[in-house]
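Each remark here refers to the structure printed beneath this line.
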Amino acid sequence: MTNPDAKFRPFETNLDLAQSLKTLRAATDGADDGELFLERRRSEAIVLDDGRIKTASYDASEGFGLRAILGETAGYAHSSEISDAALKRAAETARLAVGDGGGVMAPPPRATNQRLYSDRDPLDDAEFPVKIEVLREIDAYARSLDPKVVQVSASLSASMQEVEILRPDDVHLLDARPMAGINISVIVEKNGRRESGYAATGGRHGLAQMMSRAQWQGLAKEALRIALVNLEAEDAPAGVMDVVLGNGWPGILLHEAIGHGLEGDFNRKKTSAFAGLLGKRIAAEGVTVVDDGTIPDRRGSLSFDDEGTPTQRNVLIEDGILVGYMQDRQNARLMGVEATGNGRRQSYAHAPMPRMTNTIMLGGDLDPSEVLAGVEDGIYAVGFGGGQVDITNGKFVFSCTEAYRVKNGVVGNPVKGATLIGDGATALKNVRAIGNDMALDPGIGTCGKAGQSVPVGVGQPSLLIGGLTVGGSAT
């Protein structure tokens, strides 16, 4: 393991650059593409639960992954040992995918100078005792807000991922990617009934701003507000009805039900509900969806992706017309298009694939009150928890953590136990009103695909979708 107090520079401490380049070129001779991806990651998480420190963890790892690609075949080998000997063994393994070769090396990614976040290490923002004291202050403050609070959980997390990418054409890239977050959950009790509320925020920035009193007090109040709303909630109705999605975090439904279906690999393999529909109308007029990895400090943003391609603002759906997919380098080449900066991997032990960054539906021109006014009898869904999606047909099931009954355009009582059921392709076409209040989520998203998890962002305006199935428990 390299010195954690020094910058991650494996070609100065563990490897000979000239020899590594020679080894990489031998592994990718006759290939279409390939790279050497080196990474060091350090992370810390502290959880206080019910007044006591529940867990305090620190993890550190480093290693490399070497990839050689020919056509649809990719050879990938990785190691937690960064050395010339380990690199040579990995090159011999990855080389097996190339065989006799015959490929033509793809052009390198275009150069970029964009920097979307600071390279300051968030783990250095405060000493461990200071972080513990902040968590204890959060616990005491949340309990002081309302006598119905019976349990508080709070956590601080920070990580720094340092990456270095070397390509056979001698393109050499470095990036330091910070991440920090704070989470607060509150449980309240009244007449023997308990309900919970949760609030969090995070992004690619330092931990210090997460620890500011103004930041965590606002989160504690929001977590309590949601818990108190749920404490008074009645059973949700069931049936097919109109649903208004709130702005910001409800964009997670867009991410899951639609975003995955617009990733290039699913469309090349024709396993997406949107395969073969480029240039066709797949959504209502006014629906424009972008994936933008260039928003400063956002959780899903990257100066360049995990193949070295600069991230960019990719328009996927424009005024209801499907105009593009998200691509990594291999999939883009196989589909005859340009890479879009969406090649992402969980770590050095994983090969990259097309993944979302910050996936956003742009705002319309209606005031949110006008969006709600179009609902005769339905649900206003403000917060979401877990969900499941079938990529092949876009069918989804999402549970609401905060929702309200709406009648004749008026928001009424909160409801509990509501789930939204539908499919992305139909939901897109049934968008009936789009608000002018587009907002990004607070910085809490994590996306899973093929066993890999990466941080992402979502966003959307208030949105009226007609004819969704609402699962509820009201009789």
Between Ile182, Val130, Asp125, which is the residue that forms a side chain to side chain contact (heavy atoms under 4.5 Å, CB included) with Met211?
Val130
Apply the side chain to side chain contact (heavy atoms under 4.5 Å, CB included) test between Asn436 and each candidate in Ser462, Pro368, Pro461; give the one that qualifies.
Pro368
When you measure from the centre of the six-membered ring of Tyr58, is the NZ or CZ of Arg42 under 6.0 Å away and within 45° of the axis?
no
Can a cation-pi geometry be assigned to Lys280 and Phe274, taking NZ or CZ under 6.0 Å from the six-membered ring centre and within 45° of the ring axis?
no
Apply the test side chain to side chain donor-acceptor pair (under 3.5 Å) to residues Glu39 and Gln161: give CA-CA distance (whole Å), side-chain angles for both, the deciding distance (0.1 Å), then the verdict.
CA-CA 7 Å; Glu39 174 195 39; Gln161 179 197 27; 2.8 Å; yes
Considering residues, nucleotides and ligands other than Arg281, do more than 12 of their heavy atoms fall under 6.0 Å from its CZ?
yes
Does CD in Glu338 sit with more than 12 non-hydrogen atoms of other residues, nucleotides or ligands closer than 6.0 Å?
no
Run the numbers on Asp33 and Arg167 for salt bridge (charged side-chain N to carboxylate O under 4.0 Å, His left out), then give the verdict.
CA-CA 9 Å; Asp33 208 352; Arg167 286 185 43 81; 2.7 Å; yes
If I compare all heavy atoms of [X] with all of [Y], which pair ends up nearest, and what's the gap?
X: Gly181; Y: Met210; answer: CA-SD, 3.9 Å
X: Arg268; Y: Asn331; answer: NE-OD1, 2.6 Å
X: Trp216; Y: Ile184; answer: O-CD1, 3.6 Å
X: Ile82; Y: Pro10; answer: CG2-CB, 4.2 Å
X: Thr311; Y: Gly293; answer: OG1-O, 3.1 Å
X: Gln460; Y: Gly251; answer: OE1-CA, 3.4 Å

Residues that Asp306 engages under salt bridge (charged side-chain N to carboxylate O under 4.0 Å, His left out), provided they are two or more places apart:
Arg177
Of Asp291, Asn314, Thr294, Asp292, the residue whose pairing with Thr357 passes side chain to side chain donor-acceptor pair (under 3.5 Å):
Asp291
Under 4.0 Å between a Lys/Arg side-chain N and an Asp/Glu carboxylate O for [X] and [Y]?
X: Arg9; Y: Glu164; result: no
X: Asp175; Y: Arg115; result: yes
X: Asp441; Y: Arg298; result: yes
X: Asp265; Y: Lys449; result: yes
X: Lys269; Y: Glu72; result: no
X: Arg225; Y: Glu222; result: yes

Salt bridge (charged side-chain N to carboxylate O under 4.0 Å, His left out) between Lys88 and Glu81, intermediate numbers included
CA-CA 12 Å; Lys88 183 178 179 181; Glu81 174 192 330; over 6 Å; no
Is there a side-chain contact between [X] and [Y] in this structure, where contact means two heavy atoms from C-beta onward sitting under 4.5 Å apart?
X: Pro178; Y: Arg120; result: no
X: Leu302; Y: Tyr117; result: yes
X: Asp297; Y: Leu116; result: no

Quick check on the 6.0 Å ring-centre criterion: do His78 and His350 meet it?
no
For Arg299 and Thr446, what are the C-alpha separation, side-chain angles and deciding distance, and is it a side chain to side chain donor-acceptor pair (under 3.5 Å)?
CA-CA 9 Å; Arg299 186 168 166 83; Thr446 298; 2.9 Å; yes
Derivation and outcome, side chain to side chain donor-acceptor pair (under 3.5 Å), residues Asp319 and Thr288:
CA-CA 5 Å; Asp319 197 20; Thr288 296; 5.5 Å; no
Side chain to side chain donor-acceptor pair (under 3.5 Å) evaluation trace for Tyr76 with Arg345:
CA-CA 12 Å; Tyr76 194 74; Arg345 67 181 95 200; 2.9 Å; yes
Show the numbers, then the answer: is there a salt bridge (charged side-chain N to carboxylate O under 4.0 Å, His left out) between Glu307 and Arg67?
CA-CA 10 Å; Glu307 300 178 303; Arg67 184 172 61 150; 2.7 Å; yes
Derivation and outcome, ring-ring contact (aromatic ring centres under 6.0 Å, His included), residues Phe11 and His172:
CA-CA 11 Å; Phe11 293 115; His172 192 187; 5.3 Å; yes
